[in-house]
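When a ligand or atom number is given, it counts from 1 through the structure's own listing order.
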Amino acid sequence: MPSRDPLSFDTRAVHAGREDLSALGVHALPIDLSTTYPFSDLAEAVESLDALAAGEGHAANPIYARLLNPTVARFEAGLAALEGTESAVAFSSGMAALAAAVLAARSPEKNHIVGVRPIYGSTDKLLSAGYLGVEVTWTDAVGIAEAVRDDTALVVIETPVNPTLELQDIGAAATAAGDVPVLVDSTFASPVLQQPAALGAALVMHSGTKFIGGHGDVLAGVVACSEAWAKRLREVRVFTGGVLHPLAAYLLHRGLTTLPLRVRRAQDTATTLAARLEEHPGVVRVHYPAIEGNDPHGLLGRQMAGPGPMCSFEVTGGYAAADRLMQALRLITPAVSLGSVDTLIQHPAGLTQRVVSDATRAKGGVSEGLLRMSVGLEAAEDLWADLEQALGSRD
Ligand SMILES: *Cc1c(COP(=O)(O)O)cnc(C)c1O
């Protein structure tokens, strides 16, 4: 990258991971769709294969697309530059990234995970169901130190929390975990609003499907970390096969260039909408970090640069009222997922948190009247007009 060190975040978003392009004589990111790579020298091929199978991120010959792909590797370099980590390893989905992180962290001697609830529904299910053969202890933010054992391989937290948007203290979690590595699911913040590695997280995970992809057309996951962790993650990826497709990597890398603009603009709109929802008589409660009382640990501005583009709110009348509100919307789309250019709304109790038990849902503050909105790039006034007419037509 050009001069001035360190470059600002926005400059890195545009340039990182593109260092080899001018030598290649191209301006746009090349997409390499090869599944196999010809070799002319067997000894060199053997050396490359050995290195990649052991988790190295580079080799003279990529050998086979499950081992290395140059388009994916460029995206990984770009994302690592935004998270301020040595490396990043991309996967076919956020859940593939999380599964690989657990497999990379665990061993026969250390087969215990501490998870902090509430957390994304599929993360809860992945760890609770035992698919990966690990034992899990669920706790809350203050229970981490007590839950950690001699055989604990990893502490898993998420901030902001889905779908209630509480902020968990990353630094405090890292301190409580001691020598045990902490994985932070930073999907809701995106690298624009927080960089957990600087606060002590060993592994920073994103569902790239959300803000990083940003246009609702790519499924992806990524873990930003040290090069030592990246080696273990790549080795797991080589042998479990959850690789990211190069076309997806191209779209993600292209999306990084506008990520800061998208996230900040959506955040401004979410701040406006949250304040108006808070005033509306049909709304019982707004869950948004910038709303008074929603950030008891004072993490806004310290850990997270802003309140973000996600806003949840509870309507009077519970499940049926939440359902009617979604049906009455004309501009905002009822759909799961988040982080796209358009505004989406969904019902966590019915959809994204459905895979966890009723008791866990209730304890995590996921009420029947709760709606989660991912604010997009439309004009705030148009979104408010839509919400206002839908709130008015609930009964
Ligand atoms: C979507 C999401 C995931 C899972 O990512 P996929 O790309 O859907 O596999 C994990 N954590 C959070 C917070 C998410 O929003």
Side-chain angles (χ1 to χ4, degrees), residues 72 75 79 88-103 113 115-129 131-132 154 156-168 170 182-194 196 201 203-224 233 237 240-245 248-249 251-252 255 263 266 287 289 304 308-312 335-340 344-348 351-356 361 364-366 370-376:
V72 174
F75 161 64
L79 195 278
V89 184
F91 295 87
S92 53
S93 71
M95 294 315 296
L98 182 69
V102 171
L103 292 174
I113 309 282
V116 174
R117 272 178 176 156
I119 202 159
Y120 182 72
S122 294
T123 300
D124 196 304
K125 176 79 174 182
L126 176 76
L127 297 174
S128 301
Y131 296 132
L132 301 172
L154 191 66
V156 179
I157 72 167
E158 179 179 299
T159 184
V161 169
N162 176 42
T164 49
L165 304 170
E166 289 151 44
L167 305 185
Q168 306 271 17
I170 297 167
V182 174
L183 178 145
V184 175
D185 183 337
S186 194
T187 299
F188 274 38
S190 91
V192 179
L193 300 178
Q194 75 189 12
L203 301 161
V204 181
M205 182 222 131
H206 290 278
S207 166
T209 314
K210 315 297 169 53
F211 292 103
I212 296 173
H215 297 74
D217 54 8
V218 190
L219 201 65
V222 65
V223 180
L233 287 164
R237 185 178 63 177
T240 57
V243 292
L244 183 67
H245 193 276
L251 289 169
L252 291 162
V263 168
H287 298 258
M304 192 161 153
M310 299 297 297
C311 172
S312 296
V336 299
S337 199
L338 57 120
S340 186
L344 305 176
I345 196 165
Q346 65 104 7
H347 187 251
L351 298 165
T352 50
Q353 297 295 113
R354 193 176 169 75
V355 293
V356 305
R361 257 203 319 271
V366 183
L370 184 74
L371 291 162
R372 188 195 75 188
M373 185 165 62
S374 167
V375 177

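For atom 11 (N) of ligand 1, the candidate residues are Val218, Asp185, Leu338; the nearest heavy-atom contact is made by Asp185. When Glu158, Met95, His206, Lys210 are ranked by how near their heavy atoms come to atom 14 (C) of ligand 1, first place goes to Lys210.
Of the options His287, His347, Met310, a side chain to side chain contact (heavy atoms under 4.5 Å, CB included) to Arg372 is made by Met310 and by none of the others.
In this structure, Ser186 contributes its side chain and Ala189 its backbone to no donor-acceptor pair below 3.5 Å. Listed for the Gln194 side chain is a donor-acceptor partner under 3.5 Å among the backbone atoms of Thr159.
Residue contacts with ligand 1: Thr123 is placed with no nitrogen or oxygen under 3.5 Å of a nitrogen or oxygen of the ligand (distance criterion only).
Not a single heavy atom of Ser337 sits closer than 4.0 Å to an atom of ligand 1.
With 3.5 Å as the limit, one finds no donor-acceptor pair spanning the side chains of Glu158 and Thr123.
Looking at atom 4 (C) of ligand 1, its nearest protein heavy atom turns out to be Tyr120 CE2, 3.5 Å. In terms of protein heavy-atom proximity, atom 6 (P) of ligand 1 is closest to Gly94 N, 3.3 Å.
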Original post:
Could you go step by step and tell me if Val218 and Thr209 meet the side chain to side chain contact (heavy atoms under 4.5 Å, CB included) rule?
Top reply: CA-CA 6 Å; Val218 190; Thr209 314; over 6 Å; no

Original post:
How far apart are the C-alpha atoms of Val222 and Val89, what are their side-chain angles, what is the distance that settles it, and do they pass the side chain to side chain contact (heavy atoms under 4.5 Å, CB included) test?
Top reply: CA-CA 6 Å; Val222 65; Val89 184; 6.0 Å; no

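Contacts between Asn162 and ligand 1 below 4.0 angstrom, taking non-hydrogen atoms only, are absent altogether.
Counting atoms of ligand 1 from 1 in the listed order, those under 4.0 Å from a heavy atom of Ala220 are 7 (O).
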